[in-house]
2 protein chains.
Amino acid sequence: MHKEHTLTKNQQIIFDLIDKSPEPMKAYSILFNVQKKGIKAPLQVYRALDKLVEIGKIHKIESRNAFIACHNSSCQVSKATAFSICEICEKVTEISSTGLSKYLANFKDKDGMKYSKYNLEFFGLCKKCR
Amino acid sequence: MHKEHTLTKNQQIIFDLIDKSPEPMKAYSILFNVQKKGIKAPLQVYRALDKLVEIGKIHKIESRNAFIACHNSSCQVSKATAFSICEICEKVTEISSTGLSKYLANFKDKDGMKYSKYNLEFFGLCKKCR
DNA sequence: TTTAGATTGTTATAATATAACACTATGTAA
DNA sequence: TTACATAGTGTTATATTATAACAATCTAAA
Ligand SMILES: [Zn+2]
Ligand SMILES: [Zn+2]
Ligand SMILES: [Zn+2]
Ligand SMILES: [Zn+2]
């Protein structure tokens, strides 16, 4: 269950924008889009993004330097995320597979170490682009 | 088996530097270190990095914008990589686990799609930092 | 109400990465 | 050999992504 964080004004503005975007948004594209709402500087955007990532409302797609809203109730706490990324149209989908997350959470490296935090990005072609 | 690519001068200089580094190197740190060898501009570094990544001699750690040499003979072709990253000392280790790579290569998303390319980054504390 | 912590607004700057263009080396094929 | 294609180089400039520093303001709890 998503714990309810009361978002501040900037956080809410930026979350709403990302949440209704059909594709991952980049920080400066976000900035451009919220300037009419009074958010004028990169730092205002990055601070909101940092917080939204921290509380799990959005995720950063590391290979793309872009952000998407989370629609998976389980990753908020764990910071254990998986995505598929289309190499043609750049569509990104968050993967929520119990099997996958269990496998990764139980994976032990050669020192026997387990990891509760991970980020997995799959690359391929989406349905439309195949 | 690593296919032998004959590296060009710049590629070799930069690969050697990364290969002997005990930790991932960032592009501008590489640039600083190779300036005495005649590589003076960021683009010369990025071009060599791009090629080295393409042929699998190095990998990019996406969450850190840094590069490490590959010591795993199987990931060159597949571009299927996994790493563990220490959140304190930033030590990065490439994971080569047959089980993990088989699991991920056979993972099907909810559309039944499989992915031969992926990048997985685990986060935790290394032996020394635990 | 006091106070600590989080958030904001702002300017400046750092760090990461690519565009564009002219030139050079290298391999392949007529 | 000569022509051609491909890859790599050197260079300048610029684009993109992200953080430092500091003062002001808001918010929630003691
Ligand atoms: Zn999520
Ligand atoms: Zn696509
Ligand atoms: Zn490797
Ligand atoms: Zn460590």
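In what follows, chains carry the letters A, B, and so on, assigned in the order in which the sequence lines appear, proteins first and then strands, with residues in each chain numbered from 1.
Bracketed by its first and final contacts, the part of DNA chain D lying under 4.0 Å from non-hydrogen atoms of chain B reaches from dG8(D) to dT12(D) in 5' to 3' order.
Judged by closest nucleotide on DNA chain D, G38(B) is the one of G38(B) and P42(B) placed further toward the 5' end.
One can place CG of L52(A) at 16 Å from P of dA6(C), the figure rounded to the nearest angstrom. Atom CD1 in I39(A) sits about 12 Å away from atom C1' in dT7(C), given to the nearest Å.
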Can you give me every donor-acceptor pair (side chain of residues 83-98 of chain B, partner residue at least two apart or in another chain, under 3.5 Å) with its distance?
residue	atom	partner	partner atom	Å
E87(B)	OE2	K117(A)	NZ	2.6
E90(B)	OE1	R64(B)	NE	2.5
E94(B)	OE2	H59(B)	NE2	3.2
S97(B)	OG	G99(B)	N	3.4
S97(B)	OG	L100(B)	N	3.0

Using residues 29-40 of chain A as the side-chain source, report each donor-acceptor pair under 3.5 Å to any protein atom, sequence neighbours left out, with the distance given to one decimal.
residue	atom	partner	partner atom	Å
N33(A)	ND2	S29(A)	O	2.7
K36(A)	NZ	N33(A)	O	3.0

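Within the 4.0 Å cut-off from OP1 or OP2 of dG9(C), at least one side-chain nitrogen or oxygen of Q44(A) is found. For dT7(C), one of the phosphate oxygens OP1 or OP2 lies less than 4.0 angstrom from a side-chain nitrogen or oxygen of Q11(A). Using a 4.0 Å cut-off, some side-chain N or O of K51(A) falls inside it from OP1 or OP2 of dT7(C).
Between F107(B) and F122(A), the ring planes lie parallel to each other; the angle is under 30°, not in the 30° to 60° tilted range.
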Please write out each protein N/O paired with an N/O of nucleotides 20-25 of chain C under 3.5 Å, distance rounded to 0.1 Å.
none

Quick one: which protein N/O atoms are closer than 3.5 Å to N/O atoms of nucleotides 14-16 of chain C? Pair and distance per line, please.
residue	atom	partner	partner atom	Å
dT16(C)	OP1	K26(B)	NZ	2.4

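Across the helix from dT1(C)-dA30(D) to dA30(C)-dT1(D), the helix axis at one end is tilted relative to the axis at the other end by 40° (nearest 10 degrees, each axis from five pairs).
Side-chain atoms of Q44(B) never come within 3.5 Å of backbone atoms of N10(B) as a donor-acceptor pair (strictly under, hydrogens ignored).
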